[in-house]
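For reference, positions follow the sequence shown, starting with 1. In listed order, ligands and their atoms are each counted from 1. Note that this is a predicted model, so its numbers are computed, not measured.
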Amino acid sequence: MTVNVGVIGVGLIGEDHVRRLTRVLSGGAVVAVADVDRGRAERVAAALGGPRVLAVGEDVIGDPAVDAVLVASWGPTHEGYVLGCIAAGKPVFCEKPLATTQGACLRIVDAEAARGARLVQVGFMRRYDPAYRALKAAVDGGAIGAPLLLHAAHRNPSVPGHYVDDMALNDTMVHDADVARWLLAEEIAAVSVLTPRRNGRADLRDPLLVLFRTESGVLVDVEVSMNVAYGYDIRGEVVGERGVAGLAEGNPVVVKCRGRFEGRVPADWRERFMRAYDLELQAWLEAAALGKATGPSAWDGYAATAVADAALASVGTGAWTPVKLRERPALYATGD
Ligand code: NAD
Ligand code: ISE
């Protein structure tokens, strides 16, 4: 069966997802797109298989030819589209963040839980990345003992012009919140945000040092940098009771020459996580063909945004701020 997909928002990642659905993955076809920038939607549609261009996102959700919807518009617009998909009974892949406030995420959780079956997959693609999967397998395998610390860095070479301070936490750091919850298999109980001297290369609160304390007392430190210039660099290392497990440098090849060695730093998230995006969307198509959803859930989207909300409350003072989650509905009792 071919899943006919409608895409809302065809900016950087929306266009890339249309490309992979059209040219890389199997079992899906993009039949409709919409973007508030209609010219952009027309260019993307013309370049990539010629799906129909519809006026607004709601038209994509309501289109009888669309079996499942991919939302890749700006974060604050996600809630309305995801709720629309749930109301229409259509599987939806929503790019992270699920929504930019925990109140909005809870409205989605409530709507899906009331339906009694999952329709939503959130774009936390790191869970599909082969290196992160190997790291999780190493931690779960028990060889390093119980985790005590997780060191992480999330370094962007630069960010787009519309990027504002809060996005470092509610758009970028949400990945690190999700990875910490997934790797350590527990919730984050409290957050503190420290603000060092600013990077003078941009007018942003940059970098940030974000600390999580998990329910069992594991401490997580995440450097969130928006303007490191040298490339896109994602790091993670779990310190256990008797060993450490960390993401290796991602290079398939290192060149040694003239007394130096050199490897490549990925240019951006598209390069670093290309395989992860392919795997997450292939899994989404396979579940959508059955009218279902698997992988990172609306609950995971809510939990990560709750961490971001607590982080935003800590900015300026660095005070440890509790993350208070609602009781988890039975629908989200298991990982999938
Ligand atoms: P972008 O600005 O390049 O693209 C967003 C597009 O959405 C634009 O073309 C804009 O015109 C369109 N848009 C905005 N509001 C709309 C609406 N109401 N209806 C239809 N179209 C609308 O941004 P981007 O980098 O592609 O990010 C889009 C989303 O994807 C964000 O939520 C972002 O956090 C997420 N994202 C995730 C990853 C990842 O690694 N998983 C990477 C990049 C972006
Ligand atoms: C972007 O939206 C992403 O999701 C990337 O994975 C992340 O690294 C980047 O900081 C965000 O802006």
Side-chain angles (χ1 to χ4, degrees), residues 6-20 32-45 53-61 69-82 84 93-100 104 121-129 132 152-179 204 206-208 222-228 231-236 266-281 284 295-296 301 304-305 308:
V7 178
I8 303 174
V10 287
L12 282 181
I13 200 159
E15 178 176 14
D16 205 37
H17 284 335
V18 173
R19 176 194 61 77
R20 60 173 45 84
V33 299
D35 195 296
V36 285
D37 180 346
R38 189 174 174 110
R40 181 164 179 102
E42 279 167 1
R43 283 195 299 281
V44 170
V53 176
L54 303 182
V56 290
E58 287 76 4
D59 291 348
V60 172
I61 298 168
V69 178
L70 188 154
V71 176
S73 49
W74 294 317
T77 69
H78 291 179
E79 177 192 2
Y81 294 135
V82 174
F93 178 93
C94 179
E95 260 310 338
K96 46 56 61 178
L98 174 61
T100 47
Q121 178 178 334
V122 180
F124 286 131
M125 77 299 179
R126 292 186 184 187
R127 295 184 183 212
Y128 296 84
D129 175 61
Y132 269 111
H154 188 158
R155 299 187 185 136
N156 295 273
S158 62
V159 286
H162 67 263
Y163 196 97
V164 294
D165 275 337
D166 286 1
M167 289 174 73
L169 297 168
N170 66 20
D171 189 84
T172 292
M173 186 277 298
V174 285
H175 281 297
D176 305 280
D178 183 64
V179 154
L204 275 178
D206 173 22
L208 298 173
V222 188
E223 173 205 320
V224 183
S225 288
M226 271 63 71
N227 287 284
V228 296
Y232 183 75
D233 197 6
I234 301 298
R235 312 184 76 84
D268 61 17
W269 37 266
R270 281 174 295 199
E271 180 179 346
R272 168 64 183 83
F273 287 112
M274 186 184 296
R275 180 84 183 124
Y277 297 123
D278 289 350
L279 291 171
E280 69 170 355
L281 280 192
W284 176 64
T305 293

For A99 and E79, the nearest pair of non-hydrogen atoms, with its separation, is CB-CB, 4.4 Å
Rounded to the nearest 0.5 Å, how far apart are CG of D37 and CD of E42? 9.5 Å
I need the contact type for R272 against ligand 2. Using non-hydrogen atoms and a strict under-4.0 Å cut-off, is it side chain, backbone, both or neither? neither
Find all atoms of ligand 2 within a distance of less than 4.0 Å from any non-hydrogen atom belonging to M125, and give their numbers and elements. 6 (O)
Below 30° counts as parallel, above 60° as perpendicular, anything between as tilted: where do the rings of W269 and Y277 land? perpendicular
Within-4.5 Å side-chain heavy-atom neighbours: T77 and I8: no
Is T172 close to ligand 2, meaning an N/O of one under 3.5 Å from an N/O of the other? yes
Contact with ligand 2 for E95, non-hydrogen, under 4.0 angstrom: no
Measure the acute angle between the ring planes of Y132 and F273, then classify it against the limits of 30° and 60° as parallel, tilted or perpendicular. parallel
Looking only at distance, does K96 have an N or O less than 3.5 Å from an N or O of ligand 2? yes
Minimum side-chain heavy-atom gap M226-Y163 below 4.5 Å: yes
Among all the protein's non-hydrogen atoms, which is closest to atom 7 (C) of ligand 2, and how far away is it? H154 NE2, 3.3 Å
With atoms numbered from 1 as shown, which atoms in ligand 2 lie under 4.0 angstrom from a non-hydrogen atom of Y232? 5 (C), 6 (O), 7 (C), 8 (O)
Does the distance from a Lys or Arg side-chain N to an Asp or Glu carboxylate O, for E15 and R40, drop under 4.0 Å? yes
Within 4.0 Å of some non-hydrogen atom of D171, the atoms of ligand 2 are 2 (O), 11 (C), 12 (O)
At what distance, to the nearest 0.5 angstrom, does CD1 of I234 lie from CZ of R126? 4.5 Å
Checking heavy atoms under 4.0 Å, the part of F273 that sits near ligand 2 is neither
What is the closest protein heavy atom to atom 9 (C) of ligand 2, and at what distance does it sit? N156 OD1, 3.3 Å
Rounding to 0.5 Å, atoms CD1 (I13) and CD (E95) come to a distance of 4.0 Å
Is the shortest distance from a heavy atom of M226 to ligand 2 less than 4.0 Å? no
Would you give the length of the straight line joining atom CD of E280 to atom NE2 of H17, rounded to the nearest 0.5 angstrom? 5.5 Å
Please confirm whether W269 comes within less than 3.5 Å of ligand 2 when only nitrogen or oxygen atoms on both sides are compared. no
Working to the nearest 0.5 Å, report the span between CG of L281 and CE of M125. 11.5 Å
Heavy-atom nearest neighbour in the protein, as seen from atom 6 (O) of ligand 2, with distance rounded to 0.1 Å: H175 NE2, 3.1 Å
Which pair of non-hydrogen atoms, one from N227 and one from S158, has the smallest distance, and what is that distance? OD1-CA, 3.6 Å
Side chain, backbone, both or neither: which part of V159 comes within less than 4.0 Å of ligand 2 when only heavy atoms are counted? neither
Geometry only, no angles: is R126 polar-contacting ligand 2 at N/O separations under 3.5 Å? no
Strictly under 4.0 angstrom, heavy-atom based: which residues surround ligand 1? I8, G9, G11, L12, I13, D35, V36, D37, R40, A72, S73, W74, G75, T77, H78, Y81, E95, K96, P97, G123, M125, H162, D171, H175, W269, Y277
Is the number of heavy atoms from other residues, nucleotides or ligands under 6.0 Å of R38 CZ greater than 12? yes
